[in-house]
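Residue numbers run from 1 in the order of the sequence given. Each ligand, and each atom within it, is numbered from 1 in the order the structure gives.
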Amino acid sequence: MSQSSPDVQFRFQAIEAATNRQPRKFDLPKDDLGRSLAVSDYFGQFTFGVKEIKSVIPRADFERFLELTNNGQQLEKDIADKIAKAVRNWAMEMGITHFCHWFQPMTGLTAEKHDAFISFNDEGAAIEKFSGAQLIQSEPDASSFPSGGMRTTFEARGYTAWDPSSPMFLVTTTNGRTLCIPSVFVSYTGHALDEKTPLLRSVEALSTQAIALLHQLGDTNVKRVTATLGAEQEYFLIDRAYFNQRPDLVLTGRTLLGARPSKGQELEDHYFGAIPSRVSAFMQEVEFELYRLGVPAKTRHNEVAPAQFELAPIFEEANVSIDHNHLTMEVMKKVAERHNFALLLHEKPFAGINGSGKHNNWAMATDAGENLLEPGATPHQNLRFLVVLTAILKGVLKHNALLRASIASSGNDHRLGANEAPPAIMSVFLGEQLSMILNKIKSGEAIENAERAMIHLGVSKIPVVARDNTDRNRTSPFAFTGNKFEFRAVGSSASCSFPMSCLNAAVAEAMEEMAAALEQRVKGGADREKAALELVRETVIATEAIRFEGNGYGQEWLSEAERRGLAHLRNTPEALAAFQYPSTKALFLKQNVLSEAELQSRHHVNVERYIKKVDIEIDTMRTLVDTYVIPAASLYLRDMAEAVSKVAKITGAEKGPMEGSVKKAAEIFKELFDKRATMESAFQNAGSAGGEEARAKVLAEKVLPAMLNLRDVCDRLENVVGNGYWPLPKYREMLFCY
Ligand code: ADP
Ligand code: MG
């Protein structure tokens with residue numbers, strides 16, 4: 001084998017390593033007789049939540065605890081101390097030495113700062129100590145977390161505060177265990193510096209407005225409404241040996257170049273196929289770890305693209321579900337390492353095949369456990385269902401640009417609108433049955449008697465029919481799937497917090513408005529149910545623009561959506577402008593989800609993040625081109641040219657066709673330098689664009705396309721340069737050889 005460049009041997013070593021690996025064996029815990037334990041035996045074993053708190057403190061204290069925490073009030077010191085003591089006892093039994101407040105800064109990731117339990121008593125002896133104050137609050141040095149200008153460095157301190165609604169959990173690393181306390185992260189002035197704070201506020205807003213609306217409908221016994229969420233997590237797994245040889249994957253999470261293999265996903269033979277044994281060993285270990293952490297992982301399967309998979313949990317209350325999704329991503333990453341895999345959570349790690357999303361299945365449940373998106377058995381329940389449904393249509397229509405913005409990121413830009421994921425336009429898919437019912441309501445049929453209308457409209461049949469899976473539209477960003485909505489446009493690496501906060505807030509606002517309208521009509525003497533049905537009818541008519549049952553991938557939809565006045569925000573900088581709409585500010589302020597300063601800071605952080613990510617990509621692209629592609633192609637061209645000359649000399653033949661192939665490679669090589677220069681000058685221009693937003697716009701509109709053109713040349717070169725010269729693991733190897 002020719003090894004003109006020493007780098008190439010690493011690629012071949014990676015292929016060898018990857019193809020020789022065996023599935024990692026790991027033993028599930030056994031009972032005394034050597035039988036594997038049932039999952040229910042260890043589910044939640046590593047958690048300490050409300051249930052555990054209840055079992056360790058006096059009943060009156062527990063009731064007080066619930067009362068205070070449900071109202072977002074500070075716990076009294078003595079109750080906090082009692083809980084902390086119980087937590088410490090549990091922690092010591094579990095071999096935990098450290099604790100940390102675990103929080104979600106605006107980086108999209110989680111953060112933690114560990115403290116030891118160790119302390120000294122009055123006699124100077126070492127003891128384990130954990131007070132209520134330590135449980136409730138902590139002060140990480142927060143100056144390096146993004147704050148979007150809300151916290152200048154001289155007042156750098158922020159503090160974290162325990163979120164009792166999400167269970168504490170323990171994390172095991174090679175040499176020890178740490179207790180993690182789910183927390184919010186706020187500045188000393190009370191501004192949210194994290195993802196969790198606005199989420200909790202949005203859940204509160206949704207609860208308040210949903211209750212008000214339900215009360216108007218006569219359902220006065222509802223005391224609490226929670227948002228429920230089940231986040232399906234898509235991901236790629238490739239062998240670590242390949243990953244380590246790809247600077248682009250290491251630094252940016254996606255491949256910036258790489259020729260498409262002759263076979264991608266067109267045969268669709270991967271989807272739901274047999275899970276490769278190395279991967280299934282990985283999945284089993286992930287699930288085991290998640291179960292101990294109380295994360296209800298439920299489904300696993302292959303996804304559409306080669307080397308792509310999915311894990312879906314059972315839904316939970318949104319706040320807990322989001323914490324659990326963060327944990328899932330972290331656990332998957334760690335376990336992947338043990339299995340010599342690299343976990344790729346990026347939205348588009350490989351061009352030309354599907355990217356990854358995180359489908360957010362979302363609904364609302366009452367304290368009695370009723371799903372508000374579940375059409376019920378009685379005409380009244382179905383009327384309630386229709387009111388809630390139309391409130392959602394109303395909220396999503398009004399804030400469609402904001403919802404688009406809530407899922408915007410440099411990674412997701414490569415996925416949205418790429419014929420595999422929902423387009424960069426929000427619309428709602430309801431399915432044939434529901435659409436038919438709404439259309440009947442719209443036409444005003446049978447509106448006279450609400451109860452009879454419900455029967456007449458066939459609404460009582462919704463549960464059976466709507467859940468039929470055949471009636472699905474995978475091209476919709478927001479689809480009704482029988483008893484919940486699926487917000488499919490969320491990116492695979494993203495925190496679900498902000499998309500869920502926006503959705504909750506938008507729907508809360510719509511509910512508030514509908515409750516007010518209903519109240520007024522009932523006060524004016526209207527029959528409650530009849531007024532509600534009329535309101536449904538008006539809302540159906542007013543929200544028609546957001547409903548789309550057709551093919552979201554089709555070109556026609558783009559012009560149709562524009563005609564309807566829906567926002568088509570093609571990239572992140574465009575989308576982020578929606579943060580500044582007056583309707584957005586009013587929404588967040590009124591629903592008490594984000595103050596104006598908090599919204600500004602979020603906008604700022606997002607623009608900055610976008611710029612940083614693209615900057616890193618450009619720099620990595622330079623490295624790849626200058627230190628991998630150009631040297632490889634040079635060596636190949638040199639050898640080829642020399643061979644052609646020599647052969648011509650020896651045989652006395654015309655160089656003709658032989659020279660043709662060298663010439664072809666040489667021309668692509670030359671083009672490489674042109675496109676490299678074009679990218680560079682576009683990048684320089686971005687640098688001189690005034691202000692961050694202008695710079696982000698130039699990056700999106702000029703620099704990234706220039707980078708794509710450069711990539712195209714690299715990929716054509718890859719296809720002509722001798723296999724033994726190419727140092728970067730190829731798509732066909734990363735995706736198919738493991
Ligand atoms: P589907 O057939 O629509 O894919 P699944 O039952 O497989 O439905 O559910 C997909 C995801 O939706 C799972 O994570 C599931 O827990 C979640 N889910 C189901 N019901 C609800 C609900 N009421 N609220 C939120 N998520 C839900
Ligand atoms: Mg899926």
Side-chain angles (χ1 to χ4, degrees), residues 39 43 166 199 202-203 206-207 210 222 224-235 271-272 283 286-287 290-291 294-304 309-329 332 356-376 381 384-385 388-389 391-392 396 421-422 428-434 462-490 492 494 496-497 499-504 507:
V39 170
F43 188 84
S166 188
L199 176 84
S202 79
V203 168
L206 187 68
S207 182
V222 178
R224 206 170 159 78
V225 172
T226 52
T228 52
L229 170 67
E232 302 168 44
Q233 179 71 53
E234 293 179 340
Y235 59 94
Y271 192 47
F272 276 56
M283 288 171 166
V286 165
E287 286 158 7
L290 289 178
Y291 291 147
V295 179
K298 178 78 174 167
T299 349
R300 48 160 114 118
H301 62 81
N302 290 359
E303 260 300 329
V304 177
F309 308 93
E310 180 183 297
L311 181 154
I314 297 174
F315 72 93
E316 298 175 279
E317 192 263 297
N319 175 38
V320 175
S321 182
I322 289 173
D323 284 357
H324 282 170
N325 178 250
H326 277 292
L327 271 179
T328 301
M329 293 192 283
M332 284 203 299
S356 301
K358 174 144 50 200
H359 299 177
N360 280 209
N361 293 272
W362 170 91
M364 285 166 272
T366 66
D367 48 334
E370 281 181 303
N371 178 355
L372 292 179
L373 282 172
E374 183 97 58
Q381 282 168 331
R384 184 178 82 181
F385 166 75
V388 171
L389 183 78
I392 294 169
V396 174
V428 181
F429 171 86
L430 291 180
E432 202 181 329
Q433 180 80 6
L434 258 189
I462 302 171
V464 197
V465 187
R467 234 181 272 162
D468 182 355
N469 283 3
T470 55
D471 189 26
R472 287 217 170 170
N473 184 337
R474 306 209 66 85
T475 69
S476 174
F478 197 81
F480 187 69
T481 52
N483 61 351
K484 62 188 183 290
F485 274 97
E486 200 171 323
F487 190 6
R488 299 210 181 100
V490 183
S492 48
C496 308
S497 268
M500 288 295 103
S501 303
C502 292
L503 181 59
N504 291 340
V507 173

- Note on the structure: Counting from 1 in the order shown, the ligand 1 atoms closer than 4.0 Å to a non-hydrogen atom of N371 are 23 (N)
- Could you tell me which atoms of ligand 1, counted from 1 in the order shown, lie closer than 4.0 angstrom to a heavy atom of I314? 16 (O)
When you compare ligand 1 with [X], is there at least one nitrogen or oxygen pair between them that comes in under 3.5 angstrom?
{"X": "T228", "result": "yes"}
{"X": "P313", "result": "yes"}
{"X": "F315", "result": "yes"}

- Out of K484, E486, E232, indicate the one that has the non-hydrogen atom closest to atom 5 (P) of ligand 1. K484
- Query: Is there a donor in the side chain of N319 and an acceptor in the side chain of S166, or the other way round, less than 3.5 Å apart?
  - Reply: no
- Query: Using 30° and 60° as the class limits, which term best fits the ring planes of F487 and F478: parallel, tilted or perpendicular?
  - Reply: perpendicular
- Item | Residues which pass side-chain hydrogen bond (donor to acceptor under 3.5 Å, both in side chains) with N361, listed by chain and number, not counting sequence neighbours | E232
- Task: For F315, check side-chain contact (heavy atoms from CB on, under 4.5 Å) against everything at least two apart and list the hits.
- Result: T228
- Task: Using modelled atom types only, decide if a donor and an acceptor are shared between the side chain of R488 and the backbone of S476 within a distance under 3.5 Å.
- Result: yes
